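Each remark here refers to the structure printed beneath this line.
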Amino acid sequence: MACGLDPALSSPRSTGIDVFHQPASLPHSTPSFSFWTARARHSDLIGHAQPFSHEADCVIISSGMSRCLAAYFMLLAQPDLPHGIVMLEAREAINAATACNGGHCRPDCYRGYLPYKKIVGAFQASKVIREPRVLLNCLREYPGHQKRDGHIDCDFWRGRSFDAMMTDECKVAYRNSYDEFENHVVRVYFVDLMPYPQATRLLRVEAAASFPAGSFYPYKFTAHLLRRAMSMGLNLQIHTPATAVASVDGFWMIDTPRGSIRTRKVLHATNGYASAILPEFTGKIVPFYGVCSSVTPTKSYSGKKMLAHTMSLYQQRGVRDRTPTEGLNSDCVHKNRIPADGTIIVGGGEFVNRQAHINNCDDSKVMPAITEHLRNVMKDNFDGWGDEAHGEGLERVWAGISGYTGDGLSYIGAFPGKEGQFVCAGFHGHGMARIATCARGVAMLMLGRAWEETELPECFQITKERLERKVRL
Ligand SMILES: Cc1cc2nc3c(=O)[nH]c(=O)nc-3n(C[C@H](O)[C@H](O)[C@H](O)COP(=O)(O)OP(=O)(O)OC[C@H]3O[C@@H](n4cnc5c(N)ncnc54)[C@H](O)[C@@H]3O)c2cc1C
C-alpha cells in the first residue's frame with residue numbers, strides 16, 4: 001500500500017545533511033572488537049565449517065540478528081526443504097552491528113510520532129509507534145523461548161528507560177509529539193512525563209519521560225538462535241561474502257569467492273551494507289558509523305546505587321531543524337544491566353564529526369575524538385559520579401555500522417521487479433526494538449503469506465516511490 005509521502009522530509013533523527021550517492025563497501029575484514037564479543041565469542045561459531053552447497057531453496061545473506069531470526073522462523077514453518085537454507089556471512093558469525101550495539105531495546109513510543117506523521121500520515125505513524133509492551137513481549141516470548149527451546153541465556157532485562165531532554169527546544173518538541181499522539185491516536189498511559197526529573201541523576205536536564213524498555217545481550221541472543229537454526233538444518237558459510245546476485249534461467253545465481261549458489265529465494269539482511277550488492281539502495285540505506293563503550297562505574301554508581309534505568313540524552317530532536325547543527329545532536333547514554341556486574345554501556349558522540357559518520361563502512365577504527373568524548377560522558381553529566389579509581393571509568397571502545405534510512409523507516413519485504421528477492425534491513429539504529437517483528441514478518445512473506453498477516457506498518461514496504469526519494473540524514 002503506497003503512502004502519501006513528502007519527498008523533502010527527512011527522518012526523526014536527521015540534522016539535514018544531504019547524502020551523496022556512494023554504494024557501501026563489503027564489510028571490513030578486521031572490525032573492532034566489542035565488549036559483548038570479547039566476553040561471549042563462541043568458539044564453535046568461529047572455526048565453523050560446513051560443506052559449500054551450490055544449490056539452495058533459499059539463501060540468506062548475513063548472520064546478524066535479523067537473518068538468524070528469519071532463518072529460525074522459516075525452518076520452524078518448513079523443516080523439510082529439499083535443498084535447505086544457506087546463510088552466507090562475510091565475516092565470522094555475528095560480527096557486525098548486532099555484536100557491537102548498546103544492547104538497548106527501546107521502542108519509540110511517542111517521540112517520533114510527529115515526524116513520522118509528516119512523512120507517512122497519522123495512521124502509518126501510529127503503527128510505527130507501537131505500544132512498547134507488544135515489542136518487548138514479542139522479544140521475550142519469541143517462539144521457543146521457555147516453551148520450546150528452554151531459557152535463552154541473554155540477560156534479558158525489562159524495566160523503564162528515560163528520554164532525558166537536555167534543552168528547552170527538545171522538551172517542547174517531545175511534548176508536542178506526545179500531545180499529538182495522545183490527542184489523535186491513543187492515550188499514552190505507558191509514558192510518564194516528568195517535569196522534575198531528579199530520578200535521572202543528571203546534573204542538568206530540562207525534562208524527562210520514562211517508558212517501558214528492555215535490554216539484552218545481543219551476541220548471546222543471536223548465537224542461541226543461530227545454533228538452534230543450525231540444529232534444524234541451516235547451512236552456515238562464514239568468511240563467504242556474496243559479491244553479486246544475477247538472474248540466470250529463472251534462478252538467482254549468487255556469486256561468492258568460493259563459488260556460486262543457485263536459488264529461487266534470496267533474503268538480503270545486510271543492513272548498512274545492503275547497497276554493496278543491491279545498488280538500488282545506494283543513498284537509501286546509508287551506512288552510518290557509530291561508537292559504543294563499556295564503562296566500569298565508580299563506587300557512587302555501583303551496588304545498590306546503580307542506575308535503575310536505561311536512558312538516552314537528547315540535545316536536539318533533529319527533524320525540526322534541517323540545517324546541520326554542529327554540537328547539537330543526540331547522545332545516547334545507556335545504562336545497561338548486562339551483565340549484572342553493573343557495567344554501563346555508553347554510546348554516542350555523533351556530533352563530533354557527523355559528516356564523517358555518513359557512508360562510512362570502516363568499523364575497524366574508533367575516532368580518537370569520540371573516545372575522548374565518551375571517556376567524559378559520565379563524569380560530565382551525572383551527579384556525584386566522583387573521582388575514578390584506577391580501573392574504573394572507560395574500559396573498552398568499539399565501532400559498528402548501522403543502516404540509516406532517509407525516512408527512519410525500515411525496508412521490509414519483496415524487492416520490486418526482482419521476484420524472489422526479499423529484504424529485511426534499514427533499522428536506523430533501532431534494530432533491537434524492531435528486528436523481532438520485522439524478521440518474523442519477512443519470513444512469513446517468503447513463505448507466501450500476505451502482508452496483512454505480518455501486522456507490520458505498510459510504510460515499511462519497498463516501493464519505487466520510496467527508492468526515488470531524496471535522502472537527508
Ligand atoms: C555502535 C552501535 C550501537 C547501537 N546501539 C543500538 C542499541 O542500543 N539499540 C538498538 O536498538 N540498536 C542499536 N544499534 C543498531 C543495531 O545494532 C542494528 O539495528 C542491528 O544490529 C541490525 O542487525 P542486522 O542483523 O540487521 O545487521 P548486522 O548485525 O549489521 O548484520 C549484517 C551482517 O551482514 C553481513 N554482510 C554484509 N554484507 C554481506 C555480504 N555481501 N555477504 C555476506 N555477508 C554480508 C555483515 O558481515 C553482518 O554480519 C546500534 C548500532 C551500532 C553500530
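Every heavy atom of this structure was used, including side-chain atoms; hydrogens, water molecules and symmetry mates were not. Predicted model only: the values in this text are computed from it and were never measured. Order of appearance sets the numbers: ligands from 1, and atoms from 1 within every ligand.
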Is the shortest N/O to N/O distance between [X] and ligand 1 below 3.5 Å?
X: Tyr273; value: no
X: Gly400; value: no
X: Gly290; value: no
X: Gly102; value: yes
X: Ile277; value: no
X: Ala96; value: no
X: His104; value: yes

With a 4.0 Å cut-off on heavy atoms, is [X] in contact with ligand 1?
X: Cys292; answer: yes
X: Ala276; answer: no
X: Ala425; answer: no
X: Gly429; answer: yes

[X] and [Y] ion-paired at < 4.0 Å:
X: Arg449; Y: Glu455; value: no
X: Arg469; Y: Asp407; value: yes
X: Asp363; Y: Arg91; value: yes

query = Distance under 6.0 Å and angle within 45° of the ring axis: does Arg258 meet both against Phe52?
reply = no

task = Find out whether the Lys NZ or Arg CZ of Arg201 is both under 6.0 angstrom from the six-membered ring centre of Tyr301 and within 45° of the ring's axis.
result = yes

For residues 409-419, tabulate all N or O donor-acceptor pairs below 3.5 Å that involve a side-chain atom, not counting sequence neighbours.
{"from": "Ser410", "atom 1": "OG", "to": "Gly426", "atom 2": "O", "distance (Å)": "2.9"}
{"from": "Ser410", "atom 1": "OG", "to": "Arg434", "atom 2": "NH1", "distance (Å)": "2.9"}
{"from": "Lys418", "atom 1": "NZ", "to": "Glu280", "atom 2": "OE2", "distance (Å)": "3.0"}

inquiry  = Looking at non-hydrogen atoms alone, which of Asn101, Asp363, Ile60, Leu69 comes nearest to atom 16 (C) of ligand 1?
reply    = Asn101

task = Check each of Val59, Thr270, Thr98 against atom 21 (O) of ligand 1 and report the one with the nearest heavy atom.
result = Thr98

inquiry  = Which residues pass the salt bridge (Lys or Arg N to Asp or Glu O under 4.0 Å) test with Glu372, not counting sequence neighbours?
reply    = Arg375

key: Min side-chain heavy-atom separation Leu267-Ile61 under 4.5 Å   = no

ask   = Angle class for the Tyr289/His357 ring planes (parallel below 30°, perpendicular above 60°, tilted otherwise)?
value = perpendicular

ask   = Going by the order shown, which atoms of ligand 1 are within less than 4.0 Å of some heavy atom of Ile435?
value = 20 (C), 22 (C), 23 (O)

At a non-hydrogen distance cut-off of under 4.0 Å, which region of [X] contacts ligand 1 (side chain, backbone, both, or neither)?
X: Ile345; value: neither
X: Ala97; value: both
X: Leu26; value: side chain

task = Under the side-chain contact (heavy atoms from CB on, under 4.5 Å) rule, what do Val128 and Ser126 come out as? Steps first, then yes or no, please.
result = CA-CA 5 Å; Val128 177; Ser126 66; over 6 Å; no

message = Is there a side-chain contact (heavy atoms from CB on, under 4.5 Å) between Val423 and Phe460? Walk through the geometry before answering.
response = CA-CA 11 Å; Val423 177; Phe460 284 2; over 6 Å; no

